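So the structure is just underneath, and the comments pick up after that.
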Amino acid sequence: MSGIIGKTNVGKSTFFSALTLIPVKISNIPFTTIEPNRGIASIRVKCVCKDFSIKDNPRNSICINGIRWVPIEVIDVAGLVPGAHKGKGLGNKFLDDLRQVDGFIHVVDAAGSTDINGNPCEIGKGDPIEDIKFVENEIVMWIFQILKKDWDKMLKRIIQTKEDPISVIYERLSGLMIKKKFIASIINQFEKSIEKWSDEDIIEFVRKLRRISKPMVIAANKIDISKAEENLNRIKNEFKEYSIVPCSAEAELLLRLAAKKGIISYMPGDSTFEILKKNELNDKQINALIKVRNLLMSWGSTGVQDAIEVLYRKELKMIAVFPVENTTKLTDHKGNVLPDVILLQEGSTVKDLAYKIHSDLGDIFIFAINVKTGQKIGED
Ligand SMILES: Nc1nc2c(ncn2[C@@H]2O[C@H](COP(=O)(O)OP(=O)(O)OP(=O)(O)O)[C@@H](O)[C@H]2O)c(=O)[nH]1
Ligand SMILES: [Mg+2]
């Protein structure tokens, strides 16, 4: 699952709607979204049907011309303002809805058309660099508050009953689904033992832990507004270690809705589209499409599909696996050819795959076969 976060009024819900085609409330006033929106987006992976020259009939995904569209969950939450962890705006409690996410899409107003509190302002007056810094800080403070709530109790267990600090913190953060190895690797970077950590040390720990366990892609939105390009370069200079994807959620939403109505032919991520029903469009609609076509020519795509794929491929290092029961026919027990595709993080074992398919399968798992090489693979 991926979480769409950011300052209020930057285009998070537009981005969500463009990905999922779920109609949600969108408006140019801060705090339009209050309750989270949940939906299903898709990411593209190369299907193995072409490698095996076989016609597949997928169940959990769709195959179009050798490209598998794999469903992934996305959640769009309320917007943040500086000081949210102290209760400003809608506060940060709603971030609890993001506990289970694998990573974040951080939408920013690259055109600077909203001020620090999300109110519309003269284009270029808002500073997306400040926005990125404060939103990241609010995410850190959210996790810090979860840890801090029980910090004294945790220290008691570590000091009096000599429990392993890594296990104690892992247990406290279990709701966030952070792998134990990440917690261990960050704790080991600290020279001071945990009993001596100040609040600043805990915050530093959380900051580092967030970076490796919940990666973030910056979606530099509103790229259709001219001022955005200048800011995009500033953002790239300031945050060199981040994946930054220029995008226009508004353009993607327009294209996807037009495609749904059969007015244009367009697939998410495409660099162009074709108008199919020109005589059903008025001048205003044609002009809007021409504007989007120019945008695609300048940027290569609207960036929305790219942003979510960068999160899964580059940041989360997900690979696609096509499990089958019959290794000759490449089918499940019902005869569906290449029925499913499952996303696994690089470094996962086949036992992890077995558990993803079914918990019962994980329990009785003995070995798997790599169909391409014919090799037997043990559980690790
Ligand atoms: N020019 C331009 N405007 C956009 C784009 N994406 C969103 N907007 C506009 O930005 C405003 C805010 O959009 P929302 O999607 O409601 O923003 P949000 O971040 O979900 O806002 P809250 O839920 O209030 O925090 C709306 O007027 C959108 O039409 C874009 O790519 N380009
Ligand atoms: Mg919203």
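As the structure is a computational prediction, the values presented were derived from the model and not from experiment. Index from 1, following the sequence. All ligand and atom numbering here is 1-based and tracks the order in the structure.
- If you check which protein heavy atom lies closest to atom 23 (O) of ligand 1, you get Thr33 OG1, 2.8 Å.
- The closest approach between Ser27 and ligand 1 falls below 4.0 Å for a heavy atom of the residue.
- By the 4.5 Å heavy-atom criterion applied to side chains, Phe134 and Lys7 are counted as neighbours.
- Residues Asp352 and Thr349 have side chains that bring a donor and an acceptor to within less than 3.5 angstrom of each other.
- Ranking the protein heavy atoms by distance from atom 17 (O) of ligand 1 puts Gly11 N, 3.0 Å first.
- In summary, the atoms of ligand 1 found under 4.0 Å from a heavy atom of Ser13, numbered by their order in the structure, are 15 (O), 18 (P), 20 (O).
- Among all heavy-atom pairs drawn from Phe15 and Cys247, the shortest one is CE1-SG, 3.9 Å.
- Close approach to Pro30 involves these atoms of ligand 1, each under 4.0 Å from a residue heavy atom: 24 (O).
- The two residues Leu19 and Arg256 make their nearest non-hydrogen contact at O-NH1, 3.1 Å.
- Contacts with ligand 1 closer than 4.0 Å are made by heavy atoms of both the backbone and the side chain of Ile26.
- Neither the backbone nor the side chain of Ala251 has any atom closer than 4.0 Å to an atom of ligand 1 (non-hydrogen atoms only).
- Shortest contact from atom 32 (N) of ligand 1 to any protein heavy atom: Asp224 OD1, 2.7 Å.
- The number of heavy-atom neighbours closer than 6.0 Å to CG of Asn237, taken from other residues, nucleotides and ligands shown, is above 12.
- Residue Lys12 approaches ligand 1 through these ligand atoms, each under 4.0 Å from one of its heavy atoms: 15 (O), 17 (O), 18 (P), 19 (O), 20 (O), 21 (O), 22 (P), 25 (O).
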Give the C-alpha distance, both sets of side-chain angles, the deciding distance and a yes or no for salt bridge (charged side-chain N to carboxylate O under 4.0 Å, His left out) between Lys192 and Asp201. CA-CA 9 Å; Lys192 248 193 236 175; Asp201 293 321; 2.6 Å; yes

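- Residues Phe16 and Leu21 form no side-chain contact, since every pair of their non-hydrogen atoms from C-beta on lies 4.5 Å or further apart.
- Among Val107, Asn221, Ile225, the residue whose heavy atom lies closest to atom 6 (N) of ligand 1 is Asn221.
- Annotation: cation-pi pair Arg293/Phe273 present, NZ/CZ under 6.0 Å from the ring centroid and within 45° of its normal.
- Checked by atom type, the side-chain pair Lys25/Ser13 shows no donor-acceptor distance below 3.5 Å.
- The 12-atom threshold is exceeded at CD of Gln189, counting heavy atoms of other residues, nucleotides or ligands nearer than 6.0 Å.
- Between Glu250, Lys7, Lys25, it is Glu250 that holds the heavy atom closest to atom 4 (C) of ligand 1.
- Any protein N/O/S atom under 2.8 Å from the Mg ion (ligand 2) was counted, giving 2 altogether.
- Remark: the Thr331 side chain and the Asn336 side chain contain no N/O donor-acceptor pair separated by less than 3.5 Å.
- Contact annotation: the side chain of Lys93 never approaches that of His85 to less than 4.5 Å [non-hydrogen atoms, C-beta and beyond].
- Residue-to-ligand polar distances place Thr32 within reach of ligand 1: an N/O pair is separated by less than 3.5 Å.
- Every atom of ligand 1 with a heavy atom of Thr8 under 4.0 Å away is listed here by number and element: 22 (P), 24 (O), 25 (O).
- With Phe190 as the aromatic partner, Lys208 meets the cation-pi criteria of under 6.0 angstrom to the ring centre and within 45 degrees of the ring axis.
- Ser174 is not listed as a side-chain neighbour of Glu171, based on a closest heavy-atom distance of 4.5 Å or more.
- Atoms of ligand 1 found under 4.0 Å from any heavy atom of Ile29, numbered from 1 in the order shown, are 24 (O).
- At a 3.5 angstrom cut-off on N or O pairs, Phe31 counts as close to ligand 1.
- With a 4.5 Å cut-off on side-chain heavy atoms, Val101 and Ser2 do not count as touching.
- Distances from atom 12 (C) of ligand 1 to the heavy atoms of Asn9, Val81, Val304 put Asn9 nearest.
- Per-residue contacts place Gly79 under 4.0 angstrom from the following atoms of ligand 1 (heavy atoms of the residue considered): 25 (O).
- The nearest non-hydrogen atom to atom 15 (O) of ligand 1, considering only Thr302, Ile223, Thr14, Ile123, comes from Thr14.
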